[in-house]
Protein chains: 2
Amino acid sequence: MGVKERRAREKEQLRQQILSAARELFVNEGYENVSMRKIANKIEYSPTTIYLYFKDKTDLLDSVCKETLLSLLETLEQLKRDTTDPVETLRKSGRAYIEFGLKYPQDYKLTFVTRPQFQKDLGLEEGSVGEQVFNYLRGMVSECIRQQIFREVDVETTGQVMWSAVHGVTLLLIDFPDFPWTEQNKLIDTVIHTTIEGLKA
Amino acid sequence: MGVKERRAREKEQLRQQILSAARELFVNEGYENVSMRKIANKIEYSPTTIYLYFKDKTDLLDSVCKETLLSLLETLEQLKRDTTDPVETLRKSGRAYIEFGLKYPQDYKLTFVTRPQFQKDLGLEEGSVGEQVFNYLRGMVSECIRQQIFREVDVETTGQVMWSAVHGVTLLLIDFPDFPWTEQNKLIDTVIHTTIEGLKA
DNA sequence: TATTTAACTTAACACTGTTAATTATATCAC
DNA sequence: GTGATATAATTAACAGTGTTAAGTTAAATA
């Protein structure tokens with residue numbers, strides 16, 4: 001009876017094994033420099049086995065990114081539970097978002113820059129985890145507007161402005177590590193502070 | 001006598017031919033999806049000829065990006081000549097920067113996202129055109145601070161905050177074209193306005 | 001134990017960036 | 001004009017790529 005369940009479990013296990021091997025390689029060597037054969041070698045299976053679990057290389061990328069976003073979402077939602085003041089929550093969320101990007105730069109780029117390139121039609125499609133992350137942001141911004149802390153620009157625009165700022169600084173710090181940036185924490189704080197102040201005025 | 005000059009001219013001509021073929025293909029099909037053979041086909045030379053003019057594929061990418069940045073710089077400097085009020089200049093420059101990115105999305109990504117990935121050590125190295133673009137931004141910001149329009153955060157940080165905002169919104173609009181953005185012009189204006197207001201306060 | 005089914009592998013295709021060796025071509029000296 | 005020389009461009013090859021179709025092995029069922 002339970003044999004089918006065991007087989008399903010084993011299958012899921014190998015799927016996870018492939019996924020984490022792929023993540024590690026993508027992150028360390030860059031998506032483009034990782035071949036299916038390399039992943040296969042790492043898990044000690046033949047390259048074609050991967051195709052029994054993932055449609056192709058971009059499907060593998062998609063799955064890795066989905067995991068990344070879930071992890072980001074978890075971080076953010078934990079944070080929301082721990083803070084009450086909406087502006088403070090927004091500030092901390094911005095920080096957490098940027099720090100997430102800097103902690104896992106390759107994952108971040110994979111998810112927010114590389115992935116849309118390889119999946120041109122849809123980036124934040126309905127029901128996706130990416131959409132959930134943005135919904136989270138919208139919720140916070142909406143609370144700031146409701147409490148009349150932010151001036152009355154519509155929720156959508158306000159959220160998108162916030163996202164632009166944190167996305168921008170995250171990518172710049174990742175992509176140009178040798179640029180003579182201001183002290184990193186100061187830059188991050190100023191970006192967040194400036195944007196929030198600008199939304200109040 | 002003039003034969004050497006003519007030969008040099010012819011060489012330069014073919015170099016340019018390769019460059020613009022590469023640009024067109026990179027932009028239309030994406031750097032990764034363009035092979036040296038494809039470029040060679042387009043200009044009706046053998047693939048290896050390209051290697052007589054460019055060290056390798058990333059060198060070709062570098063050269064394409066340099067051209068792009070030069071063109072952006074030109075746009076911006078023209079703009080500075082036409083405007084006097086520093087805040088107005090900054091606002092217009094932000095707009096011009098974003099519009100440049102949206103007009104040539106692939107060029108923009110190639111230059112500000114792809115290129116640093118393939119040239120990890122240096123992105124905005126000294127004397128590069130990229131540095132010149134940031135110097136331009138610094139100049140404008142510095143003027144705003146001098147005239148005491150902006151609060152006294154240091155020039156570097158202020159400039160970097162500005163850059164983060166425009167870079168962020170540009171990339172989001174490019175990478176997630178199907179996301180339900182606010183009307184594009186409104187979003188762009190709000191990003192710029194919010195950042196400038198935030199820097200004043 | 002024989003048969004069916006699922007998991008996995010081997011072999012192959014058409015492609016990639018790049019190098020070394022080779023050929024064609026245009027310039028120069030005579 | 002002819003032969004030597006330098007330069008430009010090409011051919012052939014290497015080791016690698018993502019992916020597919022066909023073949024093999026191993027496990028579960030009857």
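Proteins get letters first, then strands, A, B, ... in listed order; numbering begins at 1 in each. All values below come from the heavy atoms of this structure, side chains included, with hydrogens, waters and symmetry mates left out.
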**Request:** Could you tell me whether B/S46 contacts a base, only the sugar-phosphate backbone, or nothing, with contacts defined as non-hydrogen atoms closer than 4.0 Å?
**Result:** base
Residue set satisfying salt bridge (charged side-chain N to carboxylate O under 4.0 Å, His left out) with B/K38, at least two apart, ordered chain then number -> B/E29
Separation of D/dG16 atom C1' from A/K38 atom NZ, nearest Å, is 10 Å
query = When you check the gap from the basic side-chain N to the acidic O, do B/E143 and B/R146 get nearer than 4.0 Å?
reply = yes
Per atom distances to the A/T48 side chain, the nearest of C/dT9, C/dG17, D/dA8 is C/dT9
Residues passing the salt bridge (charged side-chain N to carboxylate O under 4.0 Å, His left out) test with A/R91, sequence neighbours excluded, are A/E88
Closest of D/dT11, D/dT17, C/dT18 to the B/Y51 side chain is C/dT18
Rounded to whole Å, NZ of B/K55 lies from C1' of C/dT19 at a distance of 13 Å
When rounded to whole Å, the CZ to C1' distance for the pair A/R15 and C/dC8 reads 18 Å
Residue pair A/E156 / B/W181, side-chain heavy-atom distance below 4.5 Å = no
Checking C/dT16, D/dT19, D/dT10 against the side chain of B/T49 (C-beta onward), the nearest is D/dT10
inquiry  = Counting the benzene-type ring for Trp, do A/Y97 and A/Y108 have ring centres under 6.0 Å apart?
reply    = yes
Here the distance between atom P of D/dT10 and atom CD1 of B/I50, to the nearest Å, is 10 Å
Exercise for review: Considering just the side-chain nitrogens and oxygens of A/K11, establish if one lies under 4.0 Å of OP1 or OP2 belonging to C/dA7.
Suggested key: yes
B/L52 atom CG is separated from C/dA24 atom P, nearest whole Å, by 17 Å
Rounded to whole Å, CD of B/E32 lies from P of D/dT17 at a distance of 14 Å
For A/L14, which contact category applies under a 4.0 Å heavy-atom criterion: base, sugar-phosphate, or nothing? sugar-phosphate
Separation of D/dA8 atom C1' from B/I18 atom CD1, nearest Å, is 12 Å
message = Any base atoms under 4.0 Å from A/Y53, or only sugar-phosphate, or nothing? Heavy atoms, all strands.
response = sugar-phosphate
- Quick one: does A/R37 reach the base of D/dG18 with a side-chain donor-acceptor pair under 3.5 Å? yes
Atom OH of A/Y45 and atom P of D/dT19 are separated, to the nearest Å, by 21 Å
